[in-house]
Amino acid sequence: MTNVNRTDHVDSEDFIFNVSTILPPVSLDNVTKDELNTSSVVSSDTYVSLLEDVSSYLWVILSPILFIVGVTGNVLTIGVLRQMKFHKKPPFFFLFVLALSDITVLCVGLSRYWIRETFSLDIRALTNFGCKFNLFFIYWSMQLSSWILVCVVLERCIKTNFPYRYPRIVTIPRCIALVILLMIILAGVDMHYFWTNGLISDGSELECNSLTDAYFNFEEFVFTYVDFTVLSVVPFVLMIVMNATIIRVIRQSRQFRKSTVRSKSTNEKLKKFDVKLTRMLVCTSVYFLVATLPISVYFIVDSYQDELTDLESAKLDVVWSSSYLFQFSNYTINFFLYNLINKKFRNKFIDLIKCRSPKQKRKSSKNDSVYSVQTADTYIGSETKDSEEMSTGE
């Protein structure tokens, strides 16, 4: 009996020993670390997925809003400028070209990203020519829009600083020649896309990308700086310098009016117009820089990013989406700025919306008035239709 009990006891110990050799020791510390690592991976994947959704929804939701507002506003601008006979007046001609270039940017660029994020279809990757043409046209139209803004400010600068020589300096044929020259120069800047890019195979699908490593390095480390300079830096510097001269002349003319125009009410009206015009010029230039600078800087910084984690890539995608959409907003606001600063434009827009008859339009145009901004040696005080056309370029 005792032997049996002892034998049973020994067998039990052997069994316990054998089991312990088969099963590894379990440590609470190891379990905790594994659980933490698993939890960290799941949390990171969730965060990446969330950021990717945010980037996608920015395009899906904001793109159609910007597109509808921008295209509608620019089409209305074209309609109003036609009534204002843009083909006879240099400032309105530049605004007409600006509206066309803004529509081009929205149709070629913004619509592509909305379609890609909404329907998972990249229209740039449908054909080889479409890849080249879309790349060329989006860069070309954005740069053209920037330089037409420079032309608008240049026309204002010449008008303000040289009011007597302005009719001889700024003519419609010269404005047309200037726009054509800008188109040709900018086309030369962006023409390389027709031979540096095309459709290449990326596994199971085609994508529009650089055809060789040399072309890729050129676009990443050279052309990003070219685009940054042409699109944003140089136009902004020129606009700021010209706006500074305009503001200087406005201040001089304000001092001159105080000593020549006795009517206090007229002086107050002229002062209000000066302040509004000054704010308009400064705000337009600053908003242009704020809208175009972030995406240009992003492309430069992105060129030097290598071996990013999924989380870092997702964060950069959100930055890219936000910056690019903000840039597209620059092509949607001009219509509202025109209505804000230009009384005649606003009246013509109201006529267009209400579908007034030509007789009613002529009657309302007789009531249009604006206050001229001239140099210190020019008498300023009349409120006529001609003075409005000479002083309102926005």
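Values in this document were obtained by computation on a predicted structure and should not be read as measured data.
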>> Show, in sequence, the C-alpha distance, side-chain angles and deciding distance for Val319 and Ser323, and conclude whether the side chain to side chain contact (heavy atoms under 4.5 Å, CB included) test is met.
In response: CA-CA 6 Å; Val319 174; Ser323 302; 4.0 Å; yes
>> The test is side chain to side chain contact (heavy atoms under 4.5 Å, CB included); show your working for Trp147 and Val234 and say whether it passes.
In response: CA-CA 9 Å; Trp147 282 93; Val234 175; 3.5 Å; yes
>> Could you walk me through whether Phe299 and Phe228 satisfy the ring pair (Phe, Tyr, Trp, His ring centres under 6.0 Å) test, starting with their C-alpha distance in whole Å, then the side-chain angles of each, then the deciding distance to 0.1 Å, before giving a yes or no?
In response: CA-CA 9 Å; Phe299 284 132; Phe228 175 59; over 10 Å; no
> Stepwise, does the side chain to side chain contact (heavy atoms under 4.5 Å, CB included) test hold for Phe92 with Phe96?
Replying inline: CA-CA 6 Å; Phe92 299 149; Phe96 178 82; over 6 Å; no
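Here the side chain of Thr72 pairs no donor or acceptor atom with the backbone of Val69 at under 3.5 angstrom. Put simply, the side chain of Thr171 never gets that close to the backbone of Pro167: no donor and acceptor are under 3.5 Å apart. With Lys159 contributing its side chain and Tyr166 its backbone, the two residues share no donor-acceptor pair below 3.5 Å.
Ring-plane geometry between Tyr193 and Tyr139 is classed as parallel, the angle between the planes falling under 30 degrees on a 0 to 90 degree scale with a further cut at 60.
Contacts of Leu66 classified as side-chain contact (heavy atoms from CB on, under 4.5 Å), with partners at least two apart in sequence or in another chain: Leu110, Leu325, Phe328, Ser329, Thr332. Listed by chain and residue number, Glu219 satisfy the side chain to side chain donor-acceptor pair (under 3.5 Å) test with Ser210 (two or more places apart in sequence, or in another chain). For the side chain to side chain donor-acceptor pair (under 3.5 Å) test, residues two or more places apart in sequence or in another chain that qualify with Glu207 are Asn209. Residues passing the ring pair (Phe, Tyr, Trp, His ring centres under 6.0 Å) test with Phe137 are Phe133, Trp140, sequence neighbours excluded. Every side-chain contact (heavy atoms from CB on, under 4.5 Å) that Leu311 has, sequence neighbours left out, goes to Tyr47, Val48, Leu51, Thr309, Lys315. Shown here are the side chain to side chain donor-acceptor pair (under 3.5 Å) partners of Ser145, two or more places apart in sequence or in another chain: Asp102. For Asp190, the side chain to side chain donor-acceptor pair (under 3.5 Å) criterion is met by Gln143, not counting sequence neighbours. Contacts of Trp114 classified as ring pair (Phe, Tyr, Trp, His ring centres under 6.0 Å), with partners at least two apart in sequence or in another chain: Phe119. Here Leu308 pairs with Gln305, Glu312, Ser313, Leu316 under the side-chain contact (heavy atoms from CB on, under 4.5 Å) rule; sequence neighbours left out. Scored by the side-chain contact (heavy atoms from CB on, under 4.5 Å) test, Leu181 finds Ile185 as partners (sequence neighbours excluded).
Shown here for Ile115 and Leu121, the closest heavy-atom pair between the two residues is CG2-O, 3.4 Å. Contact detail for Ala314 and Glu52: the closest heavy-atom pair is CB-CG, 4.4 Å. Considering all non-hydrogen atoms of both residues, Gly73 and Phe335 come closest at O-CD1, 3.4 Å.
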Validation: residues 122-132 side-chain donor-acceptor distances under 3.5 Å, sequence neighbours left out:
unit_1: Asp122; atom_1: OD1; unit_2: Arg112; atom_2: NE; d: 2.9
unit_1: Asp122; atom_1: OD1; unit_2: Arg112; atom_2: NH2; d: 3.2
unit_1: Asp122; atom_1: OD1; unit_2: Arg124; atom_2: N; d: 3.1
unit_1: Asp122; atom_1: OD2; unit_2: Arg112; atom_2: NH2; d: 2.8
unit_1: Arg124; atom_1: NE; unit_2: Asn134; atom_2: OD1; d: 2.9
unit_1: Arg124; atom_1: NH2; unit_2: Asn134; atom_2: OD1; d: 2.8
unit_1: Thr127; atom_1: OG1; unit_2: Gly130; atom_2: N; d: 2.9
unit_1: Asn128; atom_1: OD1; unit_2: Leu199; atom_2: N; d: 2.9
unit_1: Lys132; atom_1: NZ; unit_2: Phe194; atom_2: O; d: 3.0
unit_1: Lys132; atom_1: NZ; unit_2: Asn197; atom_2: O; d: 2.4

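Among residue pairs with one or both ends in residues 229-239, those qualifying as side-chain hydrogen bond (donor to acceptor under 3.5 Å, both in side chains) are Ser232-Thr292; sequence neighbours excluded.
Ser321 and Ser55 are linked by a side-chain donor-acceptor pair at a separation below 3.5 angstrom, with hydrogens and angles left out of the test.
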